[in-house]
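We use all heavy atoms of the structure for the numbers below, so side chains are in, but hydrogens, waters and symmetry mates are not. When a residue number appears, it is its place in the shown sequence, counting from 1.
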Amino acid sequence: MMNLASMAYPILQQLATGHAAAAAVACSAAAGLRQYSHLALNNVRPGVVGGPGNRLSVSGGVATVFGATGFVGRYVVNELAKRGTQVVCPYRSLEEKAMTLKQMGDLGQIVLLKGWHLNNDEMTRQTISRSNIVINLVGSTLETRNFSFDDVHAAWPARLAAMVQQTPKVERLLHFSDVGAAADHASARMRSKAAGDAAVRQTFSEATIFKPAP
């Protein structure tokens, strides 16, 4: 008759194998979470995708939204967060204004990066380095002593498109323009919008350009 030790050995071996596999999965998940909390996910990784498909989910997608604190930006961030997308929001406004974006997603889902501005190309590259979607909502209805229409609507989109082109993880670039944008428009604002659209198309031909009407 087989003794108890020989009968128990296969069972103990299976348990040990199961514990080792569980430990490996746990370590992999922990490593993923550490990388996730650093800034953003590395593109879409099946190992971290999960959930019912809402704010409590992780879709695996990461979107950087420039102009997130603006009127349109708040709605865009909210819709992305509702689908489990992690959203990186660079901003230069008051912190109190940006903090409202945090409420639109689950813990760690909305990443706020304070101190960004149009001419900080180094920080811009950092904000898009782990994203697969980049959305540009930056726009102005008035010129200031710091930023002209050409600075905001032409030069900035052109530089952003170039940086996106150089970032291999980015798959989509969405650029918000205006329905009245035209090179021969009487408005300097609309002419600058048209110049920005042309620069984006030339540099990143796969970009999607939205032209909303009032």
Side-chain angles (χ1 to χ4, degrees), residues 40 43-44 59 61-83 85-93 98 101 104 110-113 116-144 146-185 187-214:
N43 261 3
V44 178
S59 69
V62 184
T64 298
V65 180
F66 296 98
T69 58
F71 176 74
V72 176
R74 288 172 289 177
Y75 290 96
V76 171
V77 171
N78 184 54
E79 289 298 320
L80 288 169
K82 274 168 54 175
R83 289 157 175 78
T85 302
Q86 190 182 25
V87 190
V88 181
C89 304
Y91 70 98
R92 70 183 189 96
S93 61
L101 300 173
M104 299 177 182
I110 310 297
V111 180
L112 301 181
L113 298 178
W116 174 84
H117 61 81
L118 293 182
N119 296 325
N120 192 340
D121 289 353
E122 182 179 353
M123 187 172 182
T124 299
R125 289 189 180 92
Q126 178 191 4
T127 63
I128 67 174
S129 62
R130 295 180 177 230
S131 298
N132 45 25
I133 304 167
V134 175
I135 303 175
N136 178 41
L137 304 175
V138 176
S140 179
T141 57
L142 296 172
E143 291 185 295
T144 68
N146 295 320
F147 298 106
S148 66
F149 284 144
D150 285 335
D151 292 335
V152 177
H153 301 143
W156 155 245
R159 295 203 317 277
L160 177 61
M163 286 183 273
V164 166
Q165 183 68 35
Q166 297 165 4
T167 306
K169 292 180 181 177
V170 178
E171 301 169 11
R172 295 290 305 277
L173 171 62
L174 286 76
H175 172 66
F176 270 56
S177 180
D178 193 288
V179 68
D184 58 350
H185 202 285
S187 167
R189 177 171 174 267
M190 293 303 172
R191 291 197 300 272
S192 67
K193 288 273 191 180
D197 296 350
V200 169
R201 288 195 192 96
Q202 182 177 1
T203 306
F204 196 83
S205 58
E206 299 85 0
T208 301
I209 299 178
F210 290 89
K211 294 192 173 186

side-chain contact (heavy atoms from CB on, under 4.5 Å) evaluation trace for Arg172 with Val134: CA-CA 6 Å; Arg172 295 290 305 277; Val134 175; over 6 Å; no
Lys/Arg N to Asp/Glu carboxylate O, Glu122 vs Arg125, below 4.0 Å: no
Identify the two heavy atoms, one from [X] and one from [Y], that lie closest to each other, and give their separation to 0.1 Å.
{"X": "Ala81", "Y": "Met104", "answer": "CB-O, 3.1 Å"}
{"X": "Arg201", "Y": "Ile209", "answer": "CG-CD1, 3.6 Å"}
{"X": "Ala213", "Y": "Val179", "answer": "CA-CG1, 3.7 Å"}
{"X": "Ala194", "Y": "Ala181", "answer": "N-CB, 3.8 Å"}
{"X": "Ser131", "Y": "Thr127", "answer": "OG-O, 3.6 Å"}
{"X": "Lys211", "Y": "Ser177", "answer": "CG-CB, 4.1 Å"}

Report the distance from atom [atom1] of [X] to atom [atom2] of [Y], rounding to the nearest 0.5 Å.
{"X": "Phe149", "Y": "Thr144", "atom1": "CZ", "atom2": "OG1", "value": "9.5 Å"}
{"X": "Phe204", "Y": "Leu160", "atom1": "CZ", "atom2": "CG", "value": "10.0 Å"}
{"X": "Lys169", "Y": "Asn132", "atom1": "NZ", "atom2": "CG", "value": "10.0 Å"}
{"X": "Leu174", "Y": "Ile133", "atom1": "CG", "atom2": "CD1", "value": "7.5 Å"}
{"X": "Leu113", "Y": "Met123", "atom1": "CG", "atom2": "CE", "value": "5.0 Å"}
{"X": "Phe147", "Y": "His153", "atom1": "CZ", "atom2": "NE2", "value": "12.0 Å"}

Short side-chain to backbone donor-acceptor contact, Thr203 and Ala199, under 3.5 Å: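 Yes, because the side chain of Thr203 sits within donor-acceptor range (under 3.5 Å) of the backbone of Ala199.
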Heavy-atom donor-acceptor pair, Thr167 side chain to Val170 backbone, under 3.5 Å: no
In terms of side-chain heavy atoms, does [X] have a donor or acceptor partner in [Y] at a distance below 3.5 Å?
{"X": "Trp116", "Y": "Thr124", "answer": "yes"}
{"X": "Arg74", "Y": "Thr69", "answer": "no"}
{"X": "Trp156", "Y": "Asn119", "answer": "no"}

Does any non-hydrogen side-chain atom of [Y] lie less than 4.5 Å from one of [X]?
{"X": "Pro90", "Y": "Thr64", "result": "yes"}
{"X": "Ile135", "Y": "Leu137", "result": "yes"}
{"X": "Asn136", "Y": "Pro157", "result": "yes"}

Salt bridge (charged side-chain N to carboxylate O under 4.0 Å, His left out) between Asp184 and Arg191, worked out: CA-CA 7 Å; Asp184 58 350; Arg191 291 197 300 272; over 6 Å; no
Those residues that, when tested against Glu206, pass salt bridge (Lys or Arg N to Asp or Glu O under 4.0 Å) (two or more places apart):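 Residues passing salt bridge (Lys or Arg N to Asp or Glu O under 4.0 Å) with Glu206: none at all.
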Partners passing side chain to side chain contact (heavy atoms under 4.5 Å, CB included) against Ala154 (at least two apart in sequence or in another chain):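 By the side chain to side chain contact (heavy atoms under 4.5 Å, CB included) rule, Ala154 matches Asp150, Ala195.
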Audit row: Val62, Thr85, side-chain contact (heavy atoms from CB on, under 4.5 Å) steps and yes/no: CA-CA 6 Å; Val62 184; Thr85 302; 5.7 Å; no
Whether Tyr75 and Phe71 hold their rings parallel, tilted or perpendicular, with breakpoints at 30° and 60°: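 Perpendicular, since the angle between the ring planes exceeds 60°.
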Audit row: Phe66, Ile128, side-chain contact (heavy atoms from CB on, under 4.5 Å) steps and yes/no: CA-CA 10 Å; Phe66 296 98; Ile128 67 174; 3.9 Å; yes
For Asp121, side chain to side chain donor-acceptor pair (under 3.5 Å) partners two or more places apart: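 Checked Asp121 against side chain to side chain donor-acceptor pair (under 3.5 Å); matches are Arg159.
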Steps toward side-chain contact (heavy atoms from CB on, under 4.5 Å) verdict (Val77, Ile110): CA-CA 9 Å; Val77 171; Ile110 310 297; 4.0 Å; yes
